[in-house]
Q: 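Attaching a single structure in structure tokens format; questions to follow.
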Amino acid sequence: DFRLARHSLGVVPQELVYDPFFTVREILKLQSGYFGHGSANRPWIEELIETLSLSDKADANLHDLSGGMKRRVLIAQALVHKPAVVVLDEPTAGVDVELRQALWRFTKRLHDDGTTILLTTHYLEEAEALCEEIAILNRGEVVALDSKQGLLARCPYRTLHLTVDKTVADLNNLLPESLQPLLVETNINDISFRLHKTDHQIGDVLDALKNAGLNVIDLYTEEAGLEEVFLGLTESVPEVVEEVAE
């Protein structure tokens, strides 16, 4: 049933493909008509125009819009018939920060309303913020397909950032030999360690620093993100990822 399949699917292409002969409102009405929706769908069209901040450009010709505005129209076109599944192919590529945040908010709203969303993106922070399940491709092959939590659990490291009462010159002389393999970076009186979540305890690091005459002024930890997991799975940093036992 190809008609039902097409009605269930909305696609936002990566390329800016648009009809230059219509205004924003006209093209949305036309797109709505393709799927058999008449005047009853007009309130949803107006809601899309307002939600995607297109109100000021609703009667402007698509040819005269900026790239970011065209991107918003493509998203509105994909959603005008209220599909159950939406494919977003690099929807925030080349857009400004304000539009990216707006699209994230709108995507979360669609998901909360029950829409299934397939997102392709090179922005790993975008995938980490929006997605529940993530597939990672490397050279055309799927190297991972797991929940976000499952992928993040594959990286058993965290970074410990410390501010101490000594400068870099003193740190080189005072830093205990046992902590040298864990050292990531030093900057003035800041120092960072990469710790295995089970093999290295933060308390042990603090005790070692205190015994070496280094007093900790401030500290915080940073968990590994999707970027580090991605690099490990694509063999850029193979030691980062540990295999999860079946």
Side-chain angles (χ1 to χ4, degrees), residues 5-17 44 47-48 51-54 67-68 70-159 194 197 221-246:
R6 291 177 180 176
H7 198 284
S8 301
L9 188 66
V11 180
V12 181
Q14 180 179 358
E15 300 298 327
L16 294 177
V17 181
W44 173 237
E47 184 176 347
L48 286 174
T51 302
L52 291 168
S53 300
L54 288 166
K70 289 187 177 93
R71 179 79 63 190
R72 299 181 196 211
V73 175
L74 291 180
I75 293 170
Q77 276 188 263
L79 298 174
V80 74
H81 59 290
K82 299 182 179 179
V85 180
V86 177
V87 179
L88 303 177
D89 187 5
E90 300 278 355
T92 58
V95 304
D96 57 48
V97 175
E98 181 182 359
L99 176 55
R100 182 175 301 172
Q101 294 293 333
L103 291 179
W104 283 17
R105 290 192 297 270
F106 192 43
T107 301
K108 289 179 179 178
R109 172 188 160 187
L110 288 173
H111 180 260
D112 291 340
D113 290 341
T115 304
T116 297
I117 298 172
L118 177 61
L119 169 70
T120 64
T121 180
H122 284 90
Y123 299 116
L124 295 178
E125 71 278 9
E126 188 168 66
E128 189 170 347
L130 298 176
C131 297
E132 296 173 326
E133 296 205 9
I134 298 172
I136 293 179
L137 295 171
N138 185 35
R139 298 190 177 101
E141 294 185 2
V142 177
V143 295
L145 176 57
D146 204 346
S147 67
K148 177 171 63 178
Q149 292 76 12
L151 282 176
L152 293 175
R154 297 191 184 198
C155 186
Y157 295 95
R158 65 163 60 98
T159 303
R194 188 164 177 265
K197 293 179 181 178
T221 60
E222 183 179 10
E223 298 294 327
L226 192 59
E227 182 174 353
E228 193 167 6
V229 175
F230 175 87
L231 291 174
L233 287 168
T234 55
E235 301 179 349
S236 296
V237 189
E239 75 278 4
V240 169
V241 177
E242 291 189 346
E243 290 295 331
V244 177
E246 294 292 338

Q: Minimum heavy-atom separation for P83 and T115, please, with both atom names.
A: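 Nearest pair, atom of P83 first, then T115: O-CG2, 4.0 Å.
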Q: Does anything in residues 82-91 pair up under side-chain hydrogen bond (donor to acceptor under 3.5 Å, both in side chains), and if so which pairs, sequence neighbours excluded?
A: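 Those involving residues 82-91 are D89-T120, E90-H122.
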Q: For R105, check side-chain hydrogen bond (donor to acceptor under 3.5 Å, both in side chains) against everything at least two apart and list the hits.
A: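 So R105 forms no side-chain hydrogen bond (donor to acceptor under 3.5 Å, both in side chains) with any residue.
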Q: Looking at residues at least two apart in the chain, or sitting in another chain, which of them share a side-chain contact (heavy atoms from CB on, under 4.5 Å) with L16?
A: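 For L16 the side-chain contact (heavy atoms from CB on, under 4.5 Å) partners, ignoring immediate neighbours, are K70, R71, L74.
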Q: Can you name the nearest heavy-atom pair linking L48 to V80, along with the distance?
A: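 Nearest pair, atom of L48 first, then V80: CD1-CA, 3.8 Å.
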Q: Less than 4.5 Å apart, any side-chain heavy atom of V12 and any of V87?
A: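 Not touching, per the 4.5 Å side-chain cut-off.
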Q: Would you mind reporting whether L151 and I136 have side-chain heavy atoms less than 4.5 Å apart?
A: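 Touching, per the 4.5 Å side-chain cut-off.
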Q: Using the test salt bridge (charged side-chain N to carboxylate O under 4.0 Å, His left out), find all partners of R158 that sit at least two apart in sequence or belong to another chain.
A: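 Result, salt bridge (charged side-chain N to carboxylate O under 4.0 Å, His left out) vs R158: E223.
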Q: Output all residues satisfying salt bridge (charged side-chain N to carboxylate O under 4.0 Å, His left out) with E47, sequence neighbours left out; order by chain, then residue number.
A: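 With sequence neighbours excluded, E47 shows a salt bridge (charged side-chain N to carboxylate O under 4.0 Å, His left out) to R109, given in chain and number order.
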Q: Which residue pairs satisfy the ring pair (Phe, Tyr, Trp, His ring centres under 6.0 Å) criterion with at least one member in residues 95-116, sequence neighbours excluded?
A: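 Those involving residues 95-116 do not exist here.
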Q: Side chain to side chain contact (heavy atoms under 4.5 Å, CB included) for V142 and L137? Distances and angles first, verdict last.
A: CA-CA 5 Å; V142 177; L137 295 171; 3.4 Å; yes
Q: Counting only N and O atoms by type, is there a donor-acceptor contact under 3.5 Å from the side chain of H81 to the main-chain atoms of S8?
A: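 Checking the backbone N and O of S8 against the side chain of H81, no donor-acceptor pair under 3.5 Å is found.
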